[in-house]
Amino acid sequence: MATREGVAIITINNPPVNALSHGVPEGLETAIHAANADPGVHAIVVIGGGRTFVAGADINELEKAAYGQAELPDLHPALNMIEASPKPVVMAIHGTALGGGLELAMAGHYRVAAAGSQLGLPETKLGIIPGAGGTQRLPRLVGTAKAAEMCATGDPIPARDALAAGLVDRVIEGDLLTGAIAFAREIQDRTPPRTRDRAAAPANLDALREQIKKSRKHQHAPLVAIEAVEAATALDFDAGCRHEKEVFKKLGHGDQAKALMHAFFGERAVAKVPGLGKDVAPYPVTSVGIVGAGTMGGGIAMSFANVGIPVRITDSSQEALDRGMGVIRKNYEASIKRGRLTPEAMEQRLALITPQLGMAGFEQVDLIVEAVFESLALKKELFAALDQVAKPDCVLATNTSTLDVDAIARSTSRPQMVVGLHFFSPANVMRLVEVVRGEATDGRVLATAMAVAKALKKVGVVVRNGFGFVGNRMMFPYMFEAQFLVEEGSTPAEVDAALTDFGMAMGIFGVDDMAGIDVMWRVKREFADIFEKPGERRPLVADRLCAMGRMGQKTGAGWYRYDESRKPLPDPIVLELIRKTAAEAGIEQREISKEEIVERCVYALINEGARVLEEGRAARAVDIDIVYLTGYGFPAWRGGPMFHAGLVGLDKIHARICEFERRHGPRWKPAPLARLAAEKKTFADYDAERA
Ligand code: 3HC
Ligand code: NAI
């Protein structure tokens, strides 16, 4: 503790984000005591050391508690002690004040915040609710409706909004500490106001509840958070806190909390690539060339422009280039219409994208991303040409989704500089980038690809080269199982409803219609050796839909027919086609339960995931989980397919898979990792064995 002009300065130092880990609240209590005991101190400023104020309770401790390996942290004693301090406490916020961090700030008597800081209660994103009085203090400061919204969505607000809402007392433009001390000296003679002494007025939260039921479907915490905030209007502060604590405890031990915490740490774990040391420095990427201005090339160009990185984009004809730039502009205009972008920002971003024929200037860029048609011959030819143009330390990336990255790399004289950057469509929106490590890919190139993903605010996951990499490779058995189910008597709408009830963002038939049934047809034809194994059942209906010209949304009909608003509608023609196809193939149709639909689709995904792991295409189960959470609409509150398997129990899943194998044949052969089930282990144990 230091003192300046009669103000005690308490600095919280628990890098990297000053989480309130065990010992930190206790340290704060000691420092507050000392400041109160010092007659030379008239006011107290609490500030965060390093890059931020306080990012909340320590999620490692919360995760341990979720599994019963520790007690849930209790921040109340420290917070109550701070609130009771006879000398005023000013919380000085920079970076982020999140969760327990904001709860700590609200226990102080005043809050000042650096311009640019963010304040929020993101606990529901971890499957819990605030557990240190947040649901009780926030409505007393910002009003019940605003507090309920902040607690339910978990979205932080910027300092200026916090000032307007009454959450902070001043926004400091210059040096935060200097501003905080000046503020403390202004208020040092006032009686410290306690948040708990204020009242929270009732508010109508029905509309918020309805909105949350849709946007956070299936999740327990957000609705419970609204209820806890509402309790602040009926109960006194201590009773409200007791209610909050009860709920916090219950949710804190729940599966959704376990899954969402796994997802939180998982997103960070995938950035740490096994075998790639922290000392491997990425090449700096300050300019980019993109080849192909189609669906993907355009989206990738937008992704770079959105973070201020200039791109040159080329295509084989002026017409294609104009079309591509037109789509980019249209996408930005749509964002403006939705209020997410200003016209000035659009112009700034467009100015960063230079459309051009030919490759002039490509010799200077740090990274080239190829996004031309999916043809190996074309890509090989192009990479040979890029090899002639690019500077020696330029990273050459392909966005191929099915082709052999090693074969593409071998068409250059520098295969070590080649990597796959598998973006997902729409590339300007989807967060996942599979970073495909070829057999020759150099460590620095891999590090560069991961750094690029991060710079784009996306999530890079390293995968090995091989058909479908990780995500698509696993999706095929999942999709095929869904198609088998309709041949056996279910309908596309029933299967999709079962999957969205399970929590998937979209049903698989809806996905197939969106991606284009012809796309899958082409892949199946090109990779017949993978899809047509002797004696193994193949889905029959999709190819027939293709032959009928029903390619999905783009032709107005596929598994569903579509009205003008693109709403999928069950189509009697498809149901009849399915029935007829099944009859011709001698497949008996029956009623199939929702439970069987989910088990067969999701266990097919998990079984293939285990194979992917065994083959080393993904290094860890958590990599697979993050691929599915960020690229395939798997529900975060289930933690990803491999984590979900652990919650269900690998032994149970293994038994079901064995049963399916007896009933449906060799495609259900249990993956080699069945030993995990026998040893009653989870995929997390598998990852730990490899750490
Ligand atoms: N507890 C433990 N570790 C945390 C943490 C926390 N609250 N917040 C971040 N970390 C760790 C990350 O795991 C990461 O560790 P690593 O380097 O070993 O991978 C490191 O801190 C840096 O984090 P990021 O990579 O995420 O850094 P960024 O600068 O990109 O983001 C952040 C910083 C915005 C603070 C982001 O980390 C974040 O959103 N953190 C979580 C905030 C949160 O959810 N707080 C609520 C916790 S629950 C709670 O407070 C309960 C209470 O009500 C009782
Ligand atoms: P697209 O057909 O929309 O765009 C391809 C573009 O490449 C066209 O504009 C075409 O004119 C251009 N092009 C072709 N040959 C060229 C050449 N020699 N030089 C310069 N430009 C050339 O295709 P899309 O969908 O953008 O796919 C591109 C790549 O991205 C493919 O490898 C595909 O497999 C992959 N991919 C596609 C996804 C999708 O959902 N569409 C998802 C992930 C990857």
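Start at 1 and go down the list; that is how both ligands and their atoms are numbered.
- Heavy atoms of V291 found under 4.0 angstrom from ligand 2 belong exclusively to the side chain.
- Between D238 and R242 no salt bridge is recorded (no basic side-chain N to carboxylate O distance below 4.0 Å).
- Using modelled atom types, no side-chain atom of R111 and backbone atom of L102 make a donor-acceptor pair closer than 3.5 Å.
- Within the 4.0 Å heavy-atom cutoff, H422 counts among the residues contacting ligand 2.
- Here the heavy atom of the protein found nearest to atom 2 (O) of ligand 2 is F373 CE2, 3.3 Å.
- At a 4.0 Å heavy-atom cut-off, ligand 2 touches S316 through backbone and side chain alike.
- Set against the non-hydrogen atoms of A320, the atoms of ligand 2 under 4.0 Å away are 11 (O).
- In this structure, R268 is positioned above the aromatic face of F264, its NZ or CZ under 6.0 Å from the six-membered ring centre and within 45° of the axis.
- In this structure, ligand 1 sits under 4.0 Å from heavy atoms belonging to P16, V17, A19, R51, A55, G56, A57, D58, I59, N60, L62, T96, L98, G99, G100, E103, P122, E123, L126, P130, G131, F248, F264, F265, R268, K272.
- Of the options M430, E374, E381, the smallest heavy-atom separation from atom 32 (O) of ligand 2 is shown by E374.
- Checked against a 3.5 angstrom limit, the closest N/O atoms of M296 and ligand 2 fall inside it.
- Every heavy atom of G324 sits 4.0 Å or more from the atoms of ligand 2.
- With hydrogens left out, the protein atom closest to atom 11 (O) of ligand 2 is D315 OD1, 2.6 Å, a heavy atom.
- A donor-acceptor pair under 3.5 Å is formed between the side chain of S411 and the backbone N or O of K380.
- Note on ligand 2: N399 sits in its first shell, one or more heavy atoms being nearer than 4.0 Å.
- Residue T314 has no nitrogen or oxygen atom sitting less than 3.5 Å from a nitrogen or oxygen atom of ligand 2, judged on distance alone.
- Using a cut-off of 4.0 Å between Lys/Arg side-chain N and Asp/Glu carboxylate O, R323 and D315 are scored as not salt-bridged.
- Taking a 4.0 Å cut-off on heavy atoms, F424 fails to register as neighbouring ligand 2.
- With D625 contributing its side chain and F643 its backbone, the two residues share a donor-acceptor pair below 3.5 Å.
- No N or O atom of R323 sits closer than 3.5 Å to an N or O atom of ligand 2.
- Of the candidates N399, T314, L378, L378 is the only one forming a side chain to side chain contact (heavy atoms under 4.5 Å, CB included) with V372.
- Within a 6.0 Å sphere centred on CD of E381, heavy atoms belonging to other residues, nucleotides or ligands number 12 at most.
- Geometrically, ligand 2 and K379 share a nitrogen or oxygen pair separated by less than 3.5 Å.
- Looking only at heavy atoms of the protein, atom 4 (O) of ligand 2 is closest to G294 CA, 3.3 Å.
- No donor-acceptor pair closer than 3.5 Å links the side chain of K146 to the backbone N or O of P139.
- The shortest contact between atom 40 (O) of ligand 2 and any protein heavy atom is with S425 CB, 3.3 Å.
- Using a 30° and 60° split on the angle between ring planes, H422 and F424 fall in the tilted class, from 30° to 60°.
- If you look at L382 next to ligand 2, there are no close heavy atoms at all, none under 4.0 Å.
- Residues satisfying the ring-ring contact (aromatic ring centres under 6.0 Å, His included) test with F531, not counting sequence neighbours, are F467, F476, F480.
- In terms of polar-atom proximity, defined here as any N/O pair under 3.5 Å, T400 makes no such contact with ligand 2.
- In this structure a side-chain-to-backbone donor-acceptor pair under 3.5 Å is present from E244 to G134.
- In summary, R137 and E83 engage in a salt bridge, as defined by a charged side-chain N under 4.0 Å from a carboxylate O.
- Using a 4.0 Å cut-off between charged nitrogen and carboxylate oxygen, R431 and E267 count as a salt-bridge pair.
- Protein heavy atom in closest approach to atom 29 (C) of ligand 2: V372 O, 3.2 Å.
- Of the possible donor and acceptor atoms, none in the side chain of D322 sits under 3.5 Å from a partner among the backbone N and O of E319.
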